[in-house]
Amino acid sequence: MFHSLGRYILLLRLSFRKPEKFSVYWDEIMREMVSIGIGSLGIIAIISVFIGAVAAIQVAFQLLSPYISKSVVGSISRDSTILEFSPTISALVLAGRVGSSIASQIGTMRVTEQIDALEIMGVNAPGYLIAPKIIAGLTMIPLLTITSVILGLSGGYIACAASRDIATSDYILGLQNGFNPVIVTVCAVKSIAFGFIITSVCSYFGFYTSGGSLEVGQSATKGVVFSCIWILFADLVISSLLL
């Protein structure tokens, strides 16, 4: 455990050394932003709309009563979407989509000796391969989380309009009532932490792949599994500290 942690920290240290040529790194960062952000937008949009709709329907089913204001459906859906559904579920999905791609890409370069060729040419391989991915993850995953929140709340509105058990005016009123800005702070901290975990952990497993194509698949699997575990652990820690 301590051996792996040490290698992970040293790899991050190498990744953020001063770049030899910033323009090359900038091109890589832009490419990774497109891959992580634009490439994941479709799946995040679909998941967010359906999760927001299901959350609103289930809250209405459990709390609908003559003694409870119908606007509470909007309030609970808003808080649960911003605090948990959008950042955490989106991160778990991105760990499978983005994390496996990162681990398999770097792992393939390792087993085909492309990383060794970069090091022979004097290129800082961790900085060239890993740092752009981490920077792109820290930038695009929070933006995807914001998109997920908006679409999730829109999905709840669509569910209320379709079911007619809750008036859309009551749902919108619930979204506005009792808003606490701290939930936005928690959501932002979670999305940044999850973006770092997904990109750095999967890059670590990909970079230290050894063997052949079979080991590349195993590294991708390990990267996704460990990313999901650390995402859930970070979710617990951040929620305990900030709420």
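Bear in mind the structure is a predicted one, so any value in this text is a computation, not a measurement.
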**Message:** side-chain contact (heavy atoms from CB on, under 4.5 Å) for Ile46 and Phe50? Distances and angles first, verdict last.
**Reply:** CA-CA 6 Å; Ile46 294 172; Phe50 281 99; 3.9 Å; yes
**Request:** Apply side-chain contact (heavy atoms from CB on, under 4.5 Å) to Phe179 and Val184, showing your working.
**Result:** CA-CA 10 Å; Phe179 178 74; Val184 176; 3.5 Å; yes
**Request:** Dump the intermediate steps for side-chain contact (heavy atoms from CB on, under 4.5 Å) on Leu12 and Ser200, then the final yes or no.
**Result:** CA-CA 8 Å; Leu12 291 180; Ser200 62; 4.0 Å; yes
**Request:** Verify side-chain contact (heavy atoms from CB on, under 4.5 Å) between Asp170 and Val73, making sure each step is shown before the conclusion.
**Result:** CA-CA 8 Å; Asp170 291 330; Val73 174; over 6 Å; no
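Among Leu94, Val189, Asp235, the single residue meeting the side chain to side chain contact (heavy atoms under 4.5 Å, CB included) criterion with Phe194 is Asp235.
Between Leu153 and Ser77, the closest heavy-atom pair is CD2-O, 4.2 Å. Ala159 approaches Ile57 most closely through the heavy-atom pair CB-CG1, 3.9 Å. When all heavy atoms of Pro142 and Ile192 are compared, the pair lying nearest together is CG-CG1, 3.9 Å. Nearest heavy atom pair, residue Leu129 against residue Ile106, reads O-CD1, 4.4 Å. Of all heavy-atom pairs spanning Pro87 and Leu83, the tightest one is CG-O, 3.4 Å. Among all heavy-atom pairs drawn from Gly127 and Tyr25, the shortest one is O-CE2, 3.1 Å.
Under the 4.5 Å side-chain heavy-atom criterion for grouping Ile, Leu, Val, Met, Phe, Trp and Tyr, Leu14 is not connected to Leu10 through any hydrophobic cluster. Ile197 is connected to Leu143 through a chain of hydrophobic side-chain contacts under 4.5 Å among Ile, Leu, Val, Met, Phe, Trp and Tyr, so both are in one cluster. Criterion: ILVMFWY side-chain heavy atoms under 4.5 Å apart, direct or through other members. Under it, Leu11 and Val111 are not part of a common hydrophobic cluster. Val224 is not connected to Ile43 by any chain of hydrophobic side-chain contacts under 4.5 Å among Ile, Leu, Val, Met, Phe, Trp and Tyr, and they are in different clusters. Linking Ile, Leu, Val, Met, Phe, Trp and Tyr residues whenever their side-chain heavy atoms come within less than 4.5 Å leaves Ile38 and Ile134 in two separate clusters.
Checking side-chain atoms of Ser191 against main-chain N and O of Cys187 turns up a donor-acceptor pair under 3.5 Å. With Ser86 contributing its side chain and Ile82 its backbone, the two residues share no donor-acceptor pair below 3.5 Å. The backbone N or O of Gly212 sits less than 3.5 Å from a side-chain atom of Glu215, completing a donor-acceptor pair. Here the side chain of Tyr204 pairs no donor or acceptor atom with the backbone of Ile9 at under 3.5 angstrom. Formation of a donor-acceptor pair under 3.5 Å by the Ser239 side chain with backbone atoms of Leu236 is not found in this model. Remark: side-chain polar atoms of Ser48 are not paired, donor with acceptor, to backbone N or O of Ala45 under 3.5 angstrom. When atom types are taken as modelled, the side chain of Ser148 and the backbone of Leu144 share no donor-acceptor pair closer than 3.5 angstrom. Judged by distance alone, with hydrogens and angles left aside, the side-chain atoms of Arg78 form no donor-acceptor pair with the main-chain N or O of Ile172 at under 3.5 Å. Remark: side-chain polar atoms of Ser104 are paired, donor with acceptor, to backbone N or O of Ser101 under 3.5 angstrom. In this structure a side-chain-to-backbone donor-acceptor pair under 3.5 Å is missing from Lys70 to Tyr171.
Between the side chains of Glu84 and Ser80, no donor N or O sits under 3.5 Å from an acceptor N or O. In summary, the side chains of Ser40 and Arg97 do present a donor paired with an acceptor at a separation below 3.5 Å, with no hydrogens or angles considered.
With sequence neighbours excluded, no residue forms a side chain to side chain donor-acceptor pair (under 3.5 Å) with Thr145.
Here CD1 of Ile150 is found 12.0 Å from OG1 of Thr81. Values are rounded to the nearest 0.5 Å. Considering CD1 of Ile36 and CG of Leu138, their distance stands at 9.0 Å, rounded to 0.5 Å. To the nearest 0.5 Å, the span separating CD on Glu119 from OH on Tyr128 amounts to 14.0 Å. To the nearest 0.5 angstrom, Thr185 atom OG1 is 12.0 Å from Lys190 atom NZ. Atoms NZ and SG, on Lys222 and Cys202 in that order, are 13.0 Å from each other to the nearest 0.5 Å. The distance from atom CG of Asn124 to atom CG of Leu118, rounded to the nearest 0.5 Å, is 10.0 Å.
With a 4.5 Å cut-off on side-chain heavy atoms, Leu214 and Gln218 count as touching.
Around OH of Tyr8, the count of heavy atoms belonging to other residues, nucleotides or ligands within 6.0 Å exceeds 12. Atom CZ of Phe233 has 12 or fewer neighbouring heavy atoms from other residues, nucleotides or ligands inside a 6.0 Å radius.
Note that Arg7 lies in the cation-pi zone of Tyr208, set by a 6.0 Å cut-off to the ring centre and a 45° limit from the axis.
No salt bridge links Lys133 with Glu28; every basic N to acidic carboxylate O contact stays at or beyond 4.0 Å.
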